[in-house]
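Only one structure is covered here, and it is reproduced in the block below.
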Amino acid sequence: MSFVDGKNPNNVMGGLKATINNPKVSDEAKESARERLNEMTESGLGRKEATPDLNDNHVIGGYKATLHNDRVSDEAKAHAREMIDAAGVSEDSQSHPNVSESAKEHAREVLDEHDAL
């Protein structure tokens with residue numbers, strides 16, 4: 001029997017962790033969830049390296065949004081800049097080497113349209 005039966009292994013592991021931490025679940029069910037979680041971890045299922053970096057991109061996007069939010073403290077903005085720098089990501093598309101010239105031009109047009117330049 002498969003660990004996940006066609007389901008996303010990260011979601012299955014999250015459910016097992018929830019089971020382990022749920023005070024309404026029996027000790028026997030928690031132990032079973034721990035064993036299954038350990039087996040999945042040892043087999044390499046659900047590891048971050050095996051999945052796209054979508055979550056990381058969302059986190060970086062959140063830090064970028066922090067930089068442009070007027071309601072965020074200077075301290076929080078400084079932390080966001082540190083995290084963006086640590087990830088090796090540019091704060092804007094204009095200086096990013098992997099952004100095409102047409103994408104940069106489009107970004108400039110949108111920013112200009114919204115008086116954001």
Side-chain angles (χ1 to χ4, degrees):
M1 181 175 168
S2 168
F3 287 119
V4 294
D5 294 325
K7 297 177 184 169
N8 180 323
N10 290 321
N11 291 347
V12 172
M13 292 175 82
L16 293 170
K17 289 176 184 178
T19 298
I20 293 167
N21 292 301
N22 186 338
K24 295 182 180 181
V25 172
S26 70
D27 290 339
E28 183 179 331
K30 287 181 181 186
E31 185 56 33
S32 175
R34 272 190 206 92
E35 290 172 7
R36 188 168 175 207
L37 184 60
N38 288 337
E39 290 171 3
M40 288 181 71
T41 302
E42 289 171 5
S43 73
L45 285 174
R47 292 187 339 185
K48 186 175 180 179
E49 298 82 38
T51 60
D53 291 332
L54 181 62
N55 188 48
D56 290 343
N57 292 336
H58 285 246
V59 171
I60 295 300
Y63 284 128
K64 287 183 176 184
T66 298
L67 297 177
H68 302 286
N69 186 337
D70 295 335
R71 291 182 261 165
V72 173
S73 70
D74 290 339
E75 182 179 302
K77 288 182 180 184
H79 174 72
R81 274 190 201 88
E82 289 174 15
M83 298 306 291
I84 290 169
D85 291 344
V89 177
S90 172
E91 285 185 33
D92 63 60
S93 62
Q94 299 302 311
S95 62
H96 196 286
N98 294 335
V99 175
S100 69
E101 286 304 316
S102 62
K104 289 178 182 181
E105 179 59 30
H106 176 71
R108 282 190 288 271
E109 290 171 4
V110 170
L111 292 169
D112 187 46
E113 183 179 310
H114 296 282
D115 296 323
L117 286 176

*Look at the side chain of Thr19 and the backbone N and O of Gly15, then say whether any donor-acceptor pair between them is shorter than 3.5 Å.*
yes

*In Å and rounded to the nearest 0.5 Å, what is the NZ to CE distance from Lys7 to Met13?*
15.0 Å

_Looking at every non-hydrogen atom in both residues, tell me the closest pair between Ala76 and Thr66 and how far apart they are._
O-CG2, 4.0 Å

*Could you state the interatomic distance from CG (Asn38) to OG (Ser43), rounded to the nearest 0.5 Å?*
11.0 Å

*Co-membership, hydrophobic cluster, residues Leu67 and Val59, 4.5 Å side-chain*: yes

*Any link between Ile20 and Val25 through a network of hydrophobic side chains (Ile, Leu, Val, Met, Phe, Trp, Tyr) touching at under 4.5 Å?*
no

*Please report the closest heavy-atom contact between Asp70 and Lys77, naming both atoms and the distance.*
CA-NZ, 4.5 Å

*For Asn21, look at atom CG and say whether over 12 heavy atoms of other residues, nucleotides or ligands are found less than 6.0 Å away.*
yes

*asked:* Measuring from atom CE of Met40 to atom CZ of Arg36, what distance do you get when rounded to the nearest 0.5 angstrom?
replied: 6.5 Å

*asked:* Assess whether a salt bridge exists between Arg34 and Glu31, defined as any Lys/Arg side-chain N lying under 4.0 Å from an Asp/Glu carboxylate O.
replied: yes

